[in-house]
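Here's the structure, in structure tokens; my notes come after.
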Amino acid sequence: MFEKALKGNAAYWTWITFLAVLAGAGIHGYRIQSEEGLASTGMGVGAVWGIYNAQLPFLAGLAASALFILVPERLMKRSELSAAAPLSAFLAAVAAAMSLLFIAAGLGMPSRIPGLFMNMSPSAPASWHAPALMAYLVLSLSAGWALLASRKKGTTPPRWLRAVVMLAVPVGFALPVIAAFMLAVMPTYGLWTSAMLAPRILVSGLAAGMGLLMFMVVAMRRSAGPDEGKELVERLAGYTALAGLASLFFIGLDAGTAFLGNLPSETYALRLLYSDMAREALPAAYAPFSLLPSVLLVAGAVSVALLLLPVVRRTGGMLAAAAGLLIAISAWFDRGPGLILAGQASPDGGTVYAPAMPDMLVTIGIWAGGALLLTALLKVTISVRRSREAL
Amino acid sequence: MMHKNTLIGLVIVAMLAAAAYLATGAETRDASPAADSGTADSTVCIYPKEYMQTHHMQVLADWKEHAAHEGPDAFMKTPDGRRFQKDLATCLGCHDNNRFFCFSCHNYANVKPNCWNCHISPQDLP
Amino acid sequence: MRKAGLGLIAGLGAASGILSNPLFERVSASAWASSPKQPGRRWGMVIDTRRCPEGCTTCLDACRRSHNVPTFSDPRRQVEWIHKEDGRALLGTACATKQAIPALCNHCAEPSCVRACPTDSIFRRKDGIVAIDYHRCIGCRSCMLACPYGEVSFNWSDPRPAIKEPTPEYPTREQGVVEKCSFCSDRLKKGLEPSCSSQCPEGAMTFGDLNDPKSAVSRLLGSNETMRRKPELGTEPSVFYII
Ligand code: SF4
Ligand code: SF4
């Protein structure tokens with residue numbers, strides 16, 4: 001089936017080449033990093049975790065979001081979601097694979113990666129992170145592949161798939177909890193010790209996952225021709241809007257608690273994100289980016305508002321797709337860099353993290369690698385659909 | 001279809017079992033060392049020479065684990081009743097008459113153990 | 001000595017309601033009797049800040065030398081097992097002195113660093129020492145973020161070239177692992193006291209078994225008001241300061 005990913009038109013190959021070049025740049029960045037040590041990155045005393053770890057909470061939520069499609073579709077016989085099921089499983093698999101790569105990229109001793117699986121210490125939440133991601137990667141990839149294979153043959157999906165999905169439920173819901181608890185053991189960082197952290201990661205991941213899924217389904221309809229996907233887009237748009245709304249509500253709850261309680265660490269991090277403070281705290285070259293958090297927050301909120309309009313959901317065209325994508329980007333910043341990088345900044349001064357060349361390249365490279373994998377899987381999905389239509 | 005899947009499942013189970021066996025194999029062999037007939041002093045190694053020639057890596061890996069985690073409580077008792085503090089310094093303390101002790105073999109076999117990334121190699125000493 | 005296990009003292013005392021001000025802790029014989037039993041040793045240290053003169057770095061130098069701790073000039077790459085910091089910053093506003101006083105890993109009884117480590121590379125030993133297995137650490141730096149006192153350092157680059165006066169008896173670390181104070185567990189094994197406390201010319205650092213009521217540290221805790229760093233976090237440090 002995979003050979004389908006190797007056939008495509010010029011636009012497809014241009015996109016693949018573009019991603020491959022970026023991934024290559026990431027490999028180059030990693031070479032610099034492994035030769036010179038993490039000293040070559042923007043990390044250091046005061047900014048102990050950088051942009052690698054900053055991807056992990058978001059990706060954990062994104063991976064878990066697939067359960068909201070797979071469980072109703074497989075276990076509750078909601079066949080209207082069938083067209084989205086393989087896509088969401090693949091999205092989860094890609095998120096899990098990228099998380100594993102980001103974990104590996106941030107280690108000082110990559111040669112000891114097996115230790116992550118051999119020397120687990122059950123009382124440390126971080127111990128469960130890599131094994132859970134690994135299990136989830138296998139489960140979601142096999143679920144997506146089996147769904148696609150049965151679609152291709154026109155048979156009903158195999159029975160064991162139900163067991164796979166049932167197994168994926170605890171593992172998938174554990175991901176945001178692990179991502180939150182591995183931060184909760186760090187008592188001095190206010191943003192990380194909130195009990196809202198796990199639900200916020202889950203809900204933002206859900207909004208992002210549904211938004212991306214909607215984007216992919218709309219894109220697929222444009223390339224593979226409209227089929228049963230119309231109600232699907234409307235449904236996904238509804239999920240995205242609701243999850244986005246919940247996410248905004250949670251942001252408000254956390255911010256309200258922080259400012260009403262005048263909690264020093266939390267208010268500092270929030271002001272760093274959403275006021276002019278970042279302009280001074282960041283190195284001069286990064287000053288233009290100090291507005292990014294506010295812009296993304298507003299963009300996300302506007303997109304949620306748009307998707308709440310029934311017209312937009314029903315039309316389900318490019319506007320809805322763009323809103324879904326924007327919500328995903330906004331959620332990424334909120335539960336990614338915004339949480340980790342701003343959350344670890346200390347009110348007692350000290351450095352604010354800003355990426356250097358190697359960590360920037362590696363991050364872009366891993367995202368490109370994820371996009372490459374997703375593109376290939378999407379291509380296979382589209383070809384399967386096309387070949388079915390030709391029958 | 002069903003048959004193929006059962007087969008794949010069996011293969012995976014077999015592979016897991018093999019991996020588990022390989023992962024534990026080395027240690028189970030360690031636990032039953034050959035008896036040492038030497039006198040109760042440090043002129044004789046903790047295990048017979050032949051055993052050490054083939055298994056010193058496993059012994060060192062075990063010592064390393066215990067020394068790091070138990071510190072002063074990490075002792076080893078040989079079958080003939082001698083007690084050794086598990087510590088690389090214990091090994092090097094006996095084998096200090098030949099500063100090429102580790103290296104002549106390792107160089108010959110082109111083995112590069114990572115011990116000396118941190119521990120100071122006898123060859124680096126004046 | 002060990003079986004007495006009369007336990008601690010101060011922070012535990014807070015739980016048994018013998019302290020009016022949780023910032024200052026005093027140990028009394030009745031508190032020992034009522035505190036929960038902690039069998040075995042618990043190594044600890046009492047630092048008398050009144051005796052520690054400004055500008056003295058004897059303990060810092062002794063530590064750096066005896067454990068091959070690298071010296072990096074860039075503050076963002078710094079590695080240290082013990083350092084001196086302004087008393088207010090260290091112990092909070094209740095501490096009157098603004099003079100620099102020594103700070104090191106507190107070998108907490110409830111260490112957050114240990115709960116953060118995915119590979120069990122940093123762990124609490126039976127004798128109360130929080131130790132790192134440098135053979136196992138994967139360099140994820142979770143422990144650095146989890147330690148509320150910033151007492152864990154990371155080797156951002158190869159430490160060997162940065163070691164000023166190498167000591168062949170002790171190993172170095174390598175690029176990509178964390179390191180911190182070990183309470184000189186290597187010296188304790190040989191029956192020696194830690195480098196810092198044994199070399200302090202003013203006798204400002206006292207090392208010993210906190211669980212032994214007859215030890216010098218226990219006696220100091222009984223006769224002085226002491227403070228610990230961030231006691232409100234419940235990490236139960238084993239390093240005490242006399243102001
Ligand atoms: S002071 Fe920090 S590193 Fe030391 S035991 Fe306590 S939490 Fe861990
Ligand atoms: S840096 Fe090493 S010791 Fe610290 S948490 Fe990670 S693996 Fe454990």
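Each chain gets a letter, A, B and so on, in the order its sequence line appears, and its residues count up from 1. Everything numeric here is computed off the predicted structure, so don't read it as measured data.
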* Asked: So, do A/Leu116 and C/Ile138 sit near enough that their side-chain heavy atoms are less than 4.5 Å apart?
  -> yes
* To do: Indicate yes or no: at least one non-hydrogen side-chain atom of C/Phe154 is less than 4.5 angstrom from one of A/Val48.
  => no
* Taking all non-hydrogen atoms of both residues, which atom of A/Ala124 and which atom of C/Ala116 are closest, and how far apart? -> CB-C, 4.4 Å
* Give the minimum heavy-atom separation between C/Ala146 and A/Val185, together with the two atoms involved. => CB-O, 3.8 Å
[atom1] of [X]: more than 12 outside heavy atoms within 6.0 angstrom?
X        : atom1 : result
A/Phe102 : CZ    : yes
A/Met360 : CE    : no
A/Phe289 : CZ    : no

Pick one of side chain, backbone, both or neither for [X], based on which atoms fall under 4.5 Å of a heavy atom in chain A.
X        : result
C/Cys117 : backbone
C/Val114 : backbone
C/Leu233 : side chain

* **Which residues share a side-chain contact (heavy atoms from CB on, under 4.5 Å) with C/Pro166, sequence neighbours left out** => C/Asn68, C/Ile163
* **Those residues that, when tested against C/Thr57, pass side chain to side chain donor-acceptor pair (under 3.5 Å) (two or more places apart)** => C/Asp61
* Contact leader toward chain C among A/Gly37, A/Ala184, A/Ala39, where contacts are heavy-atom pairs under 4.5 Å -> A/Ala39
Extract the chain C to chain A donor-acceptor pairs under 3.5 Å, no hydrogen or angle test applied.
{"residue": "C/Arg76", "atom": "O", "partner": "A/Val45", "partner atom": "N", "Å": "2.9"}
{"residue": "C/Arg76", "atom": "NH1", "partner": "A/Thr351", "partner atom": "OG1", "Å": "3.3"}
{"residue": "C/Arg76", "atom": "NH2", "partner": "A/Gly42", "partner atom": "O", "Å": "2.6"}
{"residue": "C/Arg76", "atom": "NH2", "partner": "A/Met43", "partner atom": "O", "Å": "3.4"}
{"residue": "C/Arg77", "atom": "NH1", "partner": "A/Met43", "partner atom": "O", "Å": "2.7"}
{"residue": "C/Arg77", "atom": "NH2", "partner": "A/Ala39", "partner atom": "O", "Å": "3.0"}
{"residue": "C/Arg77", "atom": "NH2", "partner": "A/Met43", "partner atom": "O", "Å": "3.3"}
{"residue": "C/Pro118", "atom": "O", "partner": "A/Ser127", "partner atom": "OG", "Å": "2.5"}
{"residue": "C/Tyr134", "atom": "O", "partner": "A/Arg112", "partner atom": "NH1", "Å": "2.9"}
{"residue": "C/Tyr134", "atom": "O", "partner": "A/Arg112", "partner atom": "NH2", "Å": "3.4"}
{"residue": "C/His135", "atom": "O", "partner": "A/Arg112", "partner atom": "NE", "Å": "3.4"}
{"residue": "C/His135", "atom": "O", "partner": "A/Arg112", "partner atom": "NH1", "Å": "3.4"}
{"residue": "C/Cys137", "atom": "O", "partner": "A/Arg112", "partner atom": "NH1", "Å": "2.8"}
{"residue": "C/Ile138", "atom": "O", "partner": "A/Gly108", "partner atom": "N", "Å": "3.2"}
{"residue": "C/Ile138", "atom": "O", "partner": "A/Met109", "partner atom": "N", "Å": "3.0"}
{"residue": "C/Gly139", "atom": "O", "partner": "A/Gly108", "partner atom": "N", "Å": "3.0"}
{"residue": "C/Cys140", "atom": "O", "partner": "A/Trp49", "partner atom": "NE1", "Å": "2.9"}
{"residue": "C/Arg141", "atom": "NE", "partner": "A/Val48", "partner atom": "O", "Å": "2.8"}
{"residue": "C/Arg141", "atom": "NH1", "partner": "A/Gly106", "partner atom": "O", "Å": "2.8"}
{"residue": "C/Arg141", "atom": "NH2", "partner": "A/Val48", "partner atom": "O", "Å": "3.4"}
{"residue": "C/Arg141", "atom": "NH2", "partner": "A/Gly106", "partner atom": "O", "Å": "3.4"}
{"residue": "C/Trp156", "atom": "O", "partner": "A/Leu38", "partner atom": "N", "Å": "3.2"}
{"residue": "C/Trp156", "atom": "O", "partner": "A/Ala39", "partner atom": "N", "Å": "2.9"}
{"residue": "C/Glu174", "atom": "OE2", "partner": "A/Arg112", "partner atom": "NH2", "Å": "3.2"}

* Looking at residues at least two apart in the chain, or sitting in another chain, which of them share a ring pair (Phe, Tyr, Trp, His ring centres under 6.0 Å) with C/Tyr241? -> none
